[in-house]
Amino acid sequence: MMSDDGEQLLVVYDDHSDQRSISLDETSSTEESPDETKLCLETTNDAIPYIGQRFATHDHAYEFYSEFAKRCGFSIRRHRTEGKDGVGKGLTRRYFVCHRAGNTPVKALNENKPQRNRKSSRCGCQAYMRISKTTELGAPEWRVTGFSNHHNHELLEPNQVRFLPAYRTISDADKNRILMFAKTGISVQQMMRLLELEKCVEPGYLPFTEKDVRNLLQSFRKVDLEDESIDLLRMCRNIKDKDHNFQFEYKLDSNNRLENIAWSYASSIQSYEVFGDAVVFDTTHRLNAFDMPLGIWVGMNNYGMPCFFGCALLREENLKSYSWALKAFLGFMNGKVPQTILTDQTSCVREAIAMEMPSAKHAYCIWLIVAKFPSWFNAVLGERYNEWKSEFYRLYNMELIEDFEMCWRDMVNSFGLHTNRHINTLFASRTLWALPYLRSHFFAGMTTTAHSKAINAFIQRFLSAQTRLAHFIEQVAVAVDFKDQAGEQQTMQQNLQNICLKTGAPMESHAASVLTPFAFSKLQEQLVLAAHYASFQLEDGFLVRHHTKLEGGRKVYWIPREGIISCSCHHFEFSGILCRHALRVLSTGNCFQIPERYMPLRWQRINTSAKLLQNTLSDHTERVQLLQGMVSNLVTESVKSKDRLDIAMEHVSVLLSRIRDHPVPSSRYARNDCFT
């Protein structure tokens, strides 16, 4: 390119993608006129750029044009610079262009590298402003020598233009506030709300977005991740020194950097001893501050409340990482494999479970599948989406496999989903999520919507932790401890409730004295329904069906001498609660108590520490369980009247005082090391 005085210019492109797409030279816009020149310093009040307008520096020119662009509904960027050839000549010309100038260059495809395929906003817009350096008035200054405000795209409204990246800025003061908020462990959403309140602005009107805040936090974590990992391991060792029952395992890569880490608390290991028969392994979350996949193990206790088992932070989401996490978890739990394990649909997790827990029944979390339905089917089904969703739940809860498969075909035909890939994928994996295929396996009720929501809410409690990596373990511990305390309060509330017997049957009162209120309510539902069923003795068992039905029914097998009963509906195997069919047969056979084996320990009024003692000294455990039964009966009888409650509180207070006055060998005696 040649300058006005014929000297050759050195051209330097700031953005190589623009070289072929925009041609901004002396002939492409209005040129300056000596008569129109006007000095414009930083404090100029001129609203629109014009030829000859002058600025003290090129930065002042950029700021002026940027403000003009913001008012018009677009943003700008520095396009290219030009300088005279030769040493010491310096920069003589600059171009500022619309943010949508140029076209995105075609990237060479790399099969080994995943492509992000993000849509570009560039559309070859020719709007620009050119400034040139001059010393005509003595001191160096910059003069507008070219300007065009013609755009080939729609300009944004004022309430939209502020979301352009060029106008989204986080001030140093706001950065400090955000980092301070992060140390408290609150979520990014909460940070935004606090800043809005502090600045007295409407929601959504801060000069930055949630994404900007997440990027800011992540940028700080990436810089210090290696130091964070060292602090994390130091933190784990410190916790281990204070609590020998705390468990953690980690793996370093070839460069001696932290690759994976997993941990579990003493209370979690105790809970797993009793309630580790059914486990959720949720790997759908990430620790955003460090961009690390997070694996969480949770279950359901005897009062129907979520309980935490363990956690893992992984560098990668692959088979190797998940296998390592499962091995570490089993190590914490003394090799005890759960009967069933629920996960998302990740193939790597499925393969890892098959390798490390081959004896466990693997199934998919239905709530993680349903969460994807709006994006999968909303647009496809339109107004019929809710109708289809109701039909899906009906099929999901069916009892017989034959009915499910027949009705699934009818559903596909009715809604025209023959070629829908999501429907085909769901049907192909139906044995991993549909209840007709899973009823012979124990799930502790974690397939219901209510319990799935409770588990998800529990997990969300510690996902907001955005502080230092070393503090994350402590924050999870705080969340777990908070849940444990809340759980104790809910447990007490359940036990204090005056249980209402509905059938008057001896089996009902017996079950009420043994099972937790949560488990008893489930059994009571079946007892009430059992009264509506008729039983017919056959050569090899009983046929039980609703009194209004003339055909069908469930086959029940009962061996009174051995106290064994089973039903073809598999309700007990699935939930740990006897079904109405089996209860009807027991009632018909003059059975006044539910056989002991059909009131599992995991649904009884026991605590985890008592169960641990059973593993070592059964005689002491029996005494503990006897005491717990007495306390349970005491509560049940005391709450029936005010006088009874007053008497109980008076005597229990005296008894507690006597027990506390009795010496114990050490502080550890009353915890996990008692009776040793």
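All of these numbers come straight from a predicted model, not from anything done at the bench. Note that these values count all heavy atoms, side chains included, but never hydrogens, waters or copies made by symmetry.
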Checking Glu508 side chain against Thr503 main chain: does a donor-acceptor pair fall under 3.5 Å? yes
What is the ring orientation for Trp603 with Phe442, classed by angle as parallel under 30°, tilted 30 to 60°, or perpendicular over 60°? perpendicular
Mark yes or no for whether Ser513, through its side chain, and His510, through its backbone, hold a donor-acceptor pair below 3.5 Å. yes
Going through the checks in order, is the side-chain hydrogen bond (donor to acceptor under 3.5 Å, both in side chains) test met by Arg584 and Tyr533? CA-CA 7 Å; Arg584 178 59 181 166; Tyr533 282 73; over 6 Å; no
Taking the side chain from Ser568 and the backbone from Arg554, do they hold a donor-acceptor pair closer than 3.5 Å? no
Would you call the rings of Phe542 and Trp558 parallel, tilted or perpendicular if under 30° counts as parallel and over 60° as perpendicular? tilted
I need the minimum non-hydrogen distance between Leu501 and Gln524, along with the two atoms involved. CA-NE2, 3.9 Å
Minimum-distance pair of heavy atoms, taken over all atoms of Ser535 and Thr588: OG-OG1, 3.3 Å
So, does Glu259 use its side chain to make a donor-acceptor pair with the main chain of Arg315 at under 3.5 Å? no
If the plane angle is over 60° it's perpendicular, under 30° parallel, otherwise tilted; pick one for Tyr396 and Phe392. parallel
Residues, nucleotides or ligands: over 12 heavy atoms within 6.0 Å of Lys372 NZ: yes
Can you label the angle between the His532 ring and the His546 ring as parallel, tilted or perpendicular, going by 30° and 60°? parallel
Exercise: identify the closest heavy-atom pair between Ile296 and His285: CD1-CD2, 4.5 Å
Check for me whether Lys336 meets the cation-pi criterion with Tyr272, that is, NZ or CZ under 6.0 Å from the six-membered ring centre and within 45 degrees of the ring axis. yes
Flag, side chain of Ser321 to backbone of Glu317, donor-acceptor distance under 3.5 Å: no
Using a 3.5 Å distance criterion without hydrogens, assess whether the side chain of His571 forms a donor-acceptor pair with backbone atoms of Ile577. yes
Taking atom NZ of Lys327 as the centre, report whether more than 12 heavy atoms of other residues, nucleotides or ligands fall under 6.0 Å from it. no
Suppose we call two aromatic rings close when their centres sit under 6.0 Å apart. Are Trp263 and Tyr250 close by that rule? no
Is NZ or CZ of Arg602 both nearer than 6.0 Å to the six-membered ring centre of Phe275 and within 45° of the ring axis? no
Donor-acceptor contact below 3.5 Å, side chain Asp277 vs main chain Gln339: no
Any donor and acceptor pair, going by atom type alone, linking the side chain of Asp344 with main-chain N or O of Cys365 inside 3.5 Å? no
